Amino acid sequence: MRTATASAGKHYSAVKAVDGVSFHIAEGETLCLVGESGCGKSTVGRTIMKLVEPTAGRIEAMGTDVTDLSPARMRPHRQRMQMVFQDPYSSLNPRMTAARIVAEPLEIHGMSAPAREARLAELFDMVGLPRSATGKYAHEFSGGQRQHLAIARALAPDPRLLICDEAVSALDVSIQAQILNLLIDLQRDLGLAYLFITHDLSVVDYMADRVAVMYLGRIVEIGPREAIFTRPQHPYTQALVSAAPLPDPDADRSTRIMLKGEVPSPISPPAGCHFRTRCPKAMAVCSEVYPVWKESGQSRAACHLV
Ligand code: SF4
């Protein structure tokens with residue numbers, strides 16, 4: 001990834017990411033970033049948070065170029081964008097009590113001790129954890145409860161944008177549903193914008209207002225959830241959607257599009273369209289010219305056939 005930009009204000013959060021492709025996330029909206037493992041979707045989230053440094057290009061957050069900001073000057077931006085990771089066990093300090101884990105960001109941002117106490121109780125209530133659990137350590141919670149704790153910590157500084165990076169992938173299906181429903185409730189109550197990074201199309205179907213599909217470090221299609229699932233434009237999106245799990249075991253799977261070969265190395269992507277080595281519809285022009293973005297209905301896609 002060369003460029004990642006994100007901004008969040010009172011009325012909207014916006015993200016412009018990956019080689020000049022841009023998209024925004026409105027207040028109260030969920031944008032799901034989906035693609036195969038290694039496509040760069042997690043790097044987008046981490047780079048927006050400046051948890052990884054870009055090797056080239058720039059990062060914008062809250063309308064500000066933060067590429068060269070010092071940690072101190074980055075702090076106000078981080079306060080308004082928080083991240084929830086896949087594995088809460090490794091992202092939560094095992095030597096801290098739950099109270100310290102959740103209150104630490106408040107301390108960093110200079111909140112007084114009495115105000116922290118009140119905010120801590122509020123956050124535990126918001127995520128459905130008992131206040132009596134504040135003295136427990138991370139290993140004393142179940143996997144689902146640990147993710148509740150991670151969400152409470154992320155919400156502590158009152159962010160406007162929550163980046164959820166495979167936030168339910170490590171959980172059982174029933175626990176996944178609990179966490180997803182909690183996130184939906186929090187979004188409704190707080191007007192949060194979500195960038196939901198996932199490889200799981202059933203999660204996308206449940207959570208997304210809009211979907212951005214990534215392949216090899218670039219976004220290849222973006223559009224409303226319904227359009228992406230029913231009228232995918234890009235051959236890669238068509239393959240992903242055709243392979244999505246069907247709830248009906250007797251449903252017709254004959255239209256499934258099987259992609260051949262491995263994802264090429266992002267270090268030396270194929271010339272022209274990066275997807276051409278696996279695309280069932282590739283043409284001669286695809287190996288020479290990277291396709292420009294074109295609108296189709298409510299979606300936009302980068303493919304010569306659109
Ligand atoms: Fe396939 Fe060509 Fe479209 Fe790329 S531009 S997705 S190779 S048809």
Side-chain angles (χ1 to χ4, degrees), residues 1-5 15-25 31-45 47 55-57 195-205 208-246 252-306:
M1 195 178 79
R2 297 172 56 201
T3 307
T5 62
V15 177
K16 181 182 176 191
V18 188
D19 281 355
V21 176
S22 65
F23 54 88
H24 71 275
I25 312 174
L31 177 72
C32 281
L33 192 55
V34 66
E36 289 167 294
S37 174
C39 70
K41 56 191 187 300
S42 288
T43 308
V44 172
T47 309
T55 51
L195 176 60
F196 220 90
I197 297 166
T198 180
H199 69 282
D200 186 338
L201 283 181
S202 56
V203 171
V204 175
D205 194 26
D209 295 303
R210 288 184 303 124
V211 183
V213 181
M214 274 193 81
Y215 184 78
L216 211 57
R218 293 193 182 200
I219 293 163
V220 295
E221 182 164 358
I222 185 165
R225 173 176 53 85
E226 196 264 340
I228 293 288
F229 276 95
T230 60
R231 298 179 299 282
Q233 301 297 315
H234 194 282
Y236 179 60
T237 314
Q238 290 164 1
L240 275 190
V241 170
S242 80
L246 299 175
D252 180 13
R253 285 174 165 75
S254 59
T255 53
R256 178 167 179 173
I257 302 166
M258 301 297 291
L259 290 181
K260 296 195 176 74
E262 297 294 314
V263 180
S265 165
I267 297 167
S268 55
C273 174
H274 295 352
F275 185 54
R276 69 174 171 78
T277 54
R278 301 174 76 203
C279 179
K281 299 178 179 174
M283 308 166 288
V285 66
C286 305
S287 58
E288 292 159 14
V289 182
Y290 193 89
V292 296
W293 281 84
K294 290 180 198 150
E295 308 254 341
S296 177
Q298 295 169 288
S299 301
R300 287 190 300 140
C303 171
H304 293 304
L305 289 174
V306 173

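Not measured: the values here are computed from a predicted model. Atoms within each ligand, like the ligands themselves, are counted from 1 in listed order.
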- Item | Between K294 and Q233, a side-chain donor and acceptor under 3.5 Å | no
- Message: Does either side chain, that of E221 or that of T237, offer a donor lying less than 3.5 Å from an acceptor on the other one?
- Response: yes
- Taking the six-membered ring of Y215, is NZ or CZ of R278 closer than 6.0 Å to its centre and within 45° of its axis? no
- Which protein N, O or S atoms lie under 2.8 Å from atom 4 (Fe) of ligand 1? C273 SG
- Item | Shortest non-hydrogen contact between D205 and R225, atoms and distance | O-CD, 3.2 Å
- Task: State whether R231 and E226 are salt-bridged, where the test is any N-O pair (Lys NZ or Arg NE/NH1/NH2 against Asp/Glu carboxylate O) under 4.0 Å.
- Result: yes
For a quick test of your reading: what N or O donor-acceptor pairs under 3.5 Å do the side chains of residues 262-272 make, sequence neighbours left out?
{"residue": "S265", "atom": "OG", "partner": "I267", "partner atom": "N", "Å": "3.0"}

